[in-house]
Structure formats: structure tokens, C-alpha cells
Novice: 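This is the structure I want to talk about, given as C-alpha cells.
Predicted, not measured: the structure shown is a model, and the values here were computed from it.
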Amino acid sequence: MSDESLADDGPQEHLEHLEPLGALGALPEYAERVLEVAELIPRGRVMTYGDVAEWLEEGGPRQVGRVMALYGGPVPWWRVVRADGVLLPGHELRALDHYRAEGTPLKEASRAAEGHVPRIDMKRARWDGGQRAERHT
């Protein structure tokens with residue numbers, strides 16, 4: 001796991017009863033695979049929960065979301081997103097800081113949008129996992 005991703009604890013604040021990732025010991029194999037994919041996503045790009053499941057050829061968006069909620073803190077969690085580009089509720093500002101730092105394409109929020117928080121521009125930011133053959137076996 002990269003040093004950059006270890007600096008942020010990700011979407012785990014509501015799971016304070018859980019031990020830090022290192023204290024958990026061995027992760028379930030599926031969780032390890034999901035987290036490996038999250039680490040492969042290039043800076044400035046994103047994959048949806050469904051994209052990750054499809055890439056792994058196992059599970060679905062809900063299973064990937066559950067893994068990210070439980071174990072995603074040590075990886076670049078902000079790069080695994082909802083298909084509609086809406087930022088992770090409760091973590092919008094932290095995610096937005098990462099997106100801006102990485103140059104992730106965003107769509108400015110309309111005045112009617114709650115909190116005027118931008119969305120990810122999915123047409124421009126979505127990564128298809130194109131290097132799967134070289135980087136994943």
C-alpha cells in the first residue's frame with residue numbers, strides 16, 4: 001500500500017469499534033482483491049463500485065462498497081465511487097481535497113445541489129482498468 005494512501009483513514013469513522021487495518025490480521029481474500037484494485041486506479045481517475053466488481057469478475061457493487069467501508073481506509077478510497085459521480089456522503093470535503101490535488105475531472109454543482117458540492121465528471125474521470133493484463137493475474 002502506498003504511503004500517500006496511508007495518510008488518510010478514509011470512510012471508517014462510523015466503525016470506531018473496529019481495529020485498525022494492521023491489527024485485523026489477514027483480510028478476507030475478496031477484501032484483499034478489492035483493495036488491490038483500488039490501489040491500481042491512477043491518480044485523477046476513478047472506478048465505480050460496480051466497475052471494481054466487474055474487473056474482479058466477482059461480487060457486485062454492494063459487496064465492493066462493504067469492503068471499502070470496512071477496510072478501505074489505508075488505500076485511495078476516494079477513487080472508488082458511486083456510478084452517478086456523487087461524492088461519498090459524510091466524506092465529501094476530504095474526497096474533494098483529494099480530487100483537486102490529483103486533478104480528477106469534476107462537474108461544478110448546480111445552485112440547487114445540496115451543499116453545492118461538485119460531482120465527479122464520470123465521462124472524463126472513469127478508468128476502465130485497461131492495464132489489467134499487465135498488473136493483475
Side-chain angles (χ1 to χ4, degrees):
M1 291 182 210
S2 69
D3 291 339
E4 164 196 292
S5 60
L6 290 172
D8 199 307
D9 64 354
Q12 296 184 14
E13 294 166 348
H14 63 286
L15 301 170
E16 294 154 349
H17 64 281
L18 292 179
E19 295 294 321
L21 186 59
L24 291 173
L27 293 176
E29 186 219 341
Y30 184 71
E32 287 183 14
R33 293 175 62 218
V34 167
L35 299 179
E36 287 172 3
V37 174
E39 289 186 315
L40 292 177
I41 303 169
R43 292 175 59 87
R45 305 299 296 273
V46 299
M47 288 180 89
T48 68
Y49 298 108
D51 291 340
V52 172
E54 185 177 323
W55 200 85
L56 292 171
E57 298 177 343
E58 184 179 353
R62 289 179 187 263
Q63 289 83 4
V64 171
R66 182 74 175 152
V67 167
M68 294 304 295
L70 292 175
Y71 309 114
V75 301
W77 54 267
W78 57 92
R79 296 181 192 154
V80 181
V81 301
R82 292 172 37 158
D84 61 5
V86 171
L87 307 190
L88 182 65
H91 302 278
E92 297 94 332
L93 297 179
R94 286 200 344 231
L96 195 55
D97 286 344
H98 288 293
Y99 298 137
R100 287 182 173 147
E102 293 183 358
T104 306
L106 300 170
K107 287 184 175 181
E108 288 306 315
S110 69
R111 291 185 179 176
E114 187 175 330
H116 303 290
V117 177
R119 289 181 179 212
I120 298 164
D121 184 339
M122 294 302 291
K123 286 183 181 178
R124 294 175 43 219
R126 198 171 199 169
W127 185 60
D128 65 2
Q131 296 184 22
R132 178 180 186 181
E134 293 93 6
R135 301 182 79 180
H136 183 75
T137 55

Novice: Supply the atom-to-atom distance L40 CG to L35 CG, rounded to the nearest 0.5 angstrom.
Specialist: 11.0 Å
Novice: Report the C-alpha separation of L96 and L106 in whole Å, then their side-chain angles, then the decisive distance to 0.1 Å, and conclude whether the side-chain contact (heavy atoms from CB on, under 4.5 Å) test is met.
Specialist: CA-CA 9 Å; L96 195 55; L106 300 170; 3.7 Å; yes
Novice: Distance-only, no hydrogens or angles: does the E92 side chain make a donor-acceptor pair with backbone N or O of G90 under 3.5 Å?
Specialist: yes
Novice: Report whether V64 and V86 are members of the same hydrophobic cluster (ILVMFWY, side-chain heavy atoms less than 4.5 Å apart, transitive linking).
Specialist: no
Novice: Closest approach of E102 and G44, non-hydrogen atoms and distance?
Specialist: OE1-N, 3.2 Å
Novice: Quick one: are W78 and T104 in side-chain contact, heavy atoms under 4.5 Å?
Specialist: no
Novice: Apply salt bridge (charged side-chain N to carboxylate O under 4.0 Å, His left out) to R119 and list each qualifying residue two or more places apart in sequence or on a separate chain.
Specialist: none
Novice: Tell me every residue that passes side chain to side chain donor-acceptor pair (under 3.5 Å) with R124, counting only those two or more places apart in sequence or in another chain.
Specialist: D121
Novice: Using every non-hydrogen atom in the two residues, find where E32 and L27 come nearest and quote the distance to one decimal.
Specialist: OE2-O, 3.4 Å
Novice: Any chance you could measure W77, atom CH2, to R94, atom CZ, to the nearest 0.5 Å?
Specialist: 5.0 Å
Novice: How close do G59 and Y30 get, heavy atom to heavy atom, and via which atoms?
Specialist: CA-OH, 3.7 Å
Novice: If you look at every heavy atom in W55 and G129, which pair is closest and at what distance?
Specialist: NE1-O, 3.3 Å
Novice: Which heavy atom of V52 sits nearest a heavy atom of M47, and at what distance?
Specialist: CG2-CB, 4.1 Å
Novice: With sequence neighbours left out, write down each residue that passes side chain to side chain donor-acceptor pair (under 3.5 Å) with R82, or none if nothing qualifies.
Specialist: D84
Novice: Taking the side chain as C-beta and beyond, is there a heavy-atom pair between Y71 and V34 under 4.5 Å?
Specialist: no
Novice: Hey, what do you get for CD1 (I120) to CZ (R79), rounding to the nearest 0.5 Å?
Specialist: 11.5 Å
Novice: Does the side-chain contact (heavy atoms from CB on, under 4.5 Å) test come out yes or no for V75 and E36, once each step is laid out?
Specialist: CA-CA 8 Å; V75 301; E36 287 172 3; over 6 Å; no
Novice: Could you tell me whether the side chain of P118 reaches within less than 4.5 Å of the side chain of K107, counting heavy atoms only?
Specialist: no
Novice: Can you name the nearest heavy-atom pair linking T48 to A83, along with the distance?
Specialist: CG2-CA, 3.6 Å
